[in-house]
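For reference, the structure discussed in these notes is given below.
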Amino acid sequence: MAPKEKDCSNKTSSGKATVRTKSKSPAVSPTTLGDLPDKLLEHILVRVASPVWLARAAATCKRWRRIVANDNFPFHMDHRLPNPVAGHYHSRRRPDGRDRSSRLITFVPSSSAAALGVDARRHFSLDFLPGGRSSWELVDSHGSLLLLAATSSTRRRGHRRRLFPDLVVCEPVTRRYKLIPRMEEMKHQRCLGVFLQGYLTSSSSNRSSIMSSLRVICVVYIEYSGVSDGMGTVRACVFDPNGSNSWKPRPRSACWYMFKPSWNMAKRGIHLRGSEHARLLGHAAGAVFWAIGGDDTLLVLDKRRTEFEVLRLPGSVRASELRAIVDGGNGDNDGKLRVVCLDEENVVRVFATWRGQHSNGEWVLQKSLRLEESTMGLAGYKAGRGGAAMVVAAATAGSVVLAPVEEMTWMFSVDLETMEIAECKEV
């Protein structure tokens with residue numbers, strides 16, 4: 001005889017049903033490890049530093065043992081899962097157009113964030129920054145860290161990000177930040193760019209120490225005294241929480257210092273004809289690149305060595321035509337670069353060149369494309385759009401996104417391998 005199921009109805013001893021008054025719902029309990037989806041928990045367990053700890057983690061409960069014992073679980077360091085990308089921060093112009101110097105910082109979640117069950121918009125808000133997110137402008141990022149400059153500094157004298165700014169480094173996922181006041185003795189010098197660089201320390205694996213495992217590099221232009229035509233040089237100012245590689249003895253606390261150039265760099269010298277001729281092109285192969293107008297040269301900063309060098313462009317390329325420099329796309333760190341050029345006739349040319357030990361100074365033309373003819377089949381095309389002055393809205397190792405200067409709402413991407421063009425509604 002089958003056992004009777006427990007009667008869960010609300011009845012009195014007389015058999016009549018009673019109606020219970022609705023009680024106040026209890027407070028929502030905080031999120032725990034048990035609430036995480038399996039895929040996200042797998043990304044956490046695969047980063048356990050020791051096989052012994054992984055075995056202990058597998059013994060915690062049946063669910064963790066099932067995840068670790070799965071045939072697809074990457075046990076070996078060489079086969080670890082790639083870091084999931086939660087999304088990207090974008091610095092956009094305000095839609096109302098009232099203040100062109102002010103930009104909105106928005107977070108766009110990736111498809112992988114949705115697959116992992118993460119509420120990316122809530123976890124990656126910048127409302128915890130002092131003064132709110134509208135007080136800061138995004139200038140660089142590294143891993144989970146963002147580098148932002150105070151908007152009051154970026155607007156000084158009508159120049160966006162032209163003088164040495166006040167900065168903040170933050171980690172949105174943990175809602176922590178570190179204010180970095182400007183270097184006072186350099187506050188009136190022109191700033192060519194500010195960059196965030198992470199490096200490994202003995203405690204870098206500790207999440208609480210990640211804010212100390214970084215350097216901030218501010219490249220300033222120092223005009224020569226008593227020399228005409230605005231001639232000057234560039235120097236790297238470094239903020240290092242550990243105070244290493246300073247010109248002076250190691251400081252006892254984190255501070256800014258002027259990086260001491262090497263003997264070779266001091267001998268060669270870096271001489272530029274005014275800061276307004278330097279135009280930032282981007283990051284690639286561990287370096288930062290500027291196009292120097294007038295001289296048709298490239299200014300290069302090696303971020304690891306904090307060394308500058310000036311490279312002469314080939315005769316077929318002018319500095320005004322350079323639009324972007326990206327990694328070559330091989331993924332083997334051989335120093336290969338792709339240089340994207342756009343001339344006055346809107347012809348895109350893609351060159352290959354190399355840095356470091358593989359460099360021979362040669363630029364090889366790989367691809368070319370005439371935009372006015374190639375964009376005719378795109379949705380939203382209007383006569384004259386393909387021949388209008390273009391700007392690079394975004395650049396990656398595999399493609400660039402272009403848009404007319406006067407009409408940034410119409411964008412399209414160019415694949416650097418195939419030179420195929422596709423409409424792009426969002427960067």
Side-chain angles (χ1 to χ4, degrees), residues 82-94 101-110 112-113 116 118-155 160-183 191-201 204-219 236-242 254 256 280 282-284 286-288 301 303-304 393-396 426-427:
N83 289 323
V85 177
H88 301 275
Y89 286 92
H90 292 260
S91 182
R92 305 175 184 269
R93 290 187 177 92
R94 291 185 178 275
S101 64
S102 178
R103 301 174 73 89
L104 289 173
I105 303 174
T106 57
F107 183 80
V108 180
S110 67
S112 61
L116 292 174
V118 178
D119 186 354
R121 292 187 185 276
R122 179 167 63 88
H123 287 95
F124 294 92
S125 170
L126 300 179
D127 56 1
F128 63 94
L129 293 176
R133 66 175 184 175
S134 61
S135 301
W136 302 93
E137 182 177 1
L138 185 63
V139 293
D140 200 9
S141 64
H142 180 84
S144 62
L145 301 179
L146 301 180
L147 177 64
L148 303 102
T151 52
S152 58
S153 300
T154 62
R155 300 176 194 170
R160 292 184 61 252
R161 207 161 55 247
R162 296 300 289 178
L163 299 183
F164 208 115
D166 294 304
L167 302 164
V168 63
V169 176
C170 71
E171 188 177 40
V173 71
T174 59
R175 300 178 70 82
R176 294 184 301 154
Y177 66 87
K178 180 182 182 63
L179 290 170
I180 303 178
R182 66 189 179 196
M183 190 175 184
C191 174
L192 300 185
V194 189
F195 312 102
L196 183 62
Q197 181 186 20
Y199 58 88
L200 296 176
T201 66
S204 291
S205 58
N206 185 355
R207 173 59 58 181
S208 62
S209 68
I210 193 171
M211 299 288 281
S212 299
S213 303
L214 59 91
R215 291 198 315 165
V216 177
I217 303 174
C218 182
V219 178
C237 300
V238 178
F239 180 89
D240 191 337
N242 300 306
W256 286 100
L280 182 64
H283 305 240
V288 186
L301 168 65
K303 291 194 290 184
R304 184 181 63 83
T396 66
E426 278 197 3
V427 176

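Nothing fancy with the numbering, it's 1 onward along the sequence.
- Taking 4.5 Å as the limit, some side-chain heavy atom of Val288 sits within range of a side-chain heavy atom of Leu280.
- Nearest approach of Pro130 to Trp136, heavy atoms of both residues: O-NE1, 2.9 Å.
- With Phe195 as reference, Asp140 is the one residue of Asp140, Val216, Val139 to meet the side-chain contact (heavy atoms from CB on, under 4.5 Å) rule.
- Nearest heavy atom pair, residue Trp256 against residue Arg182, reads NE1-C, 3.9 Å.
- Among all heavy-atom pairs drawn from Met183 and Cys237, the shortest one is SD-SG, 3.7 Å.
- Residues Leu146 and Ser141 share a closest heavy-atom pair of CD2-CB, 3.8 Å.
- Ring-plane geometry between Phe124 and Tyr89 is classed as perpendicular, the angle between the planes exceeding 60 degrees on a 0 to 90 degree scale with a lower cut at 30.
- Rounding to the nearest 0.5 angstrom, the gap separating the NE2 atom in His142 from the NZ atom in Lys303 is 8.0 Å.
- Between Pro165 and Ala149 the shortest heavy-atom distance is CB-CB, 4.0 Å.
- Ser144 approaches Glu171 most closely through the heavy-atom pair OG-OE2, 2.7 Å.
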(request) Could you walk me through whether Leu147 and Gln197 pass side-chain contact (heavy atoms from CB on, under 4.5 Å), step by step? (result) CA-CA 10 Å; Leu147 177 64; Gln197 181 186 20; over 6 Å; no
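- A donor atom on one side chain and an acceptor atom on the other are not found under 3.5 Å apart for Glu137 and Thr151.
- Partner Leu196 forms a side-chain contact (heavy atoms from CB on, under 4.5 Å) with one of Val169, Ile217, Leu148 and no other, that one being Val169.
- Remark: Lys178 NZ to Cys170 SG distance equals 13.5 Å, nearest 0.5 Å.
- The CD1 atom of Ile105 lies 8.0 Å from the CG atom of Leu129; values are rounded to the nearest 0.5 Å.
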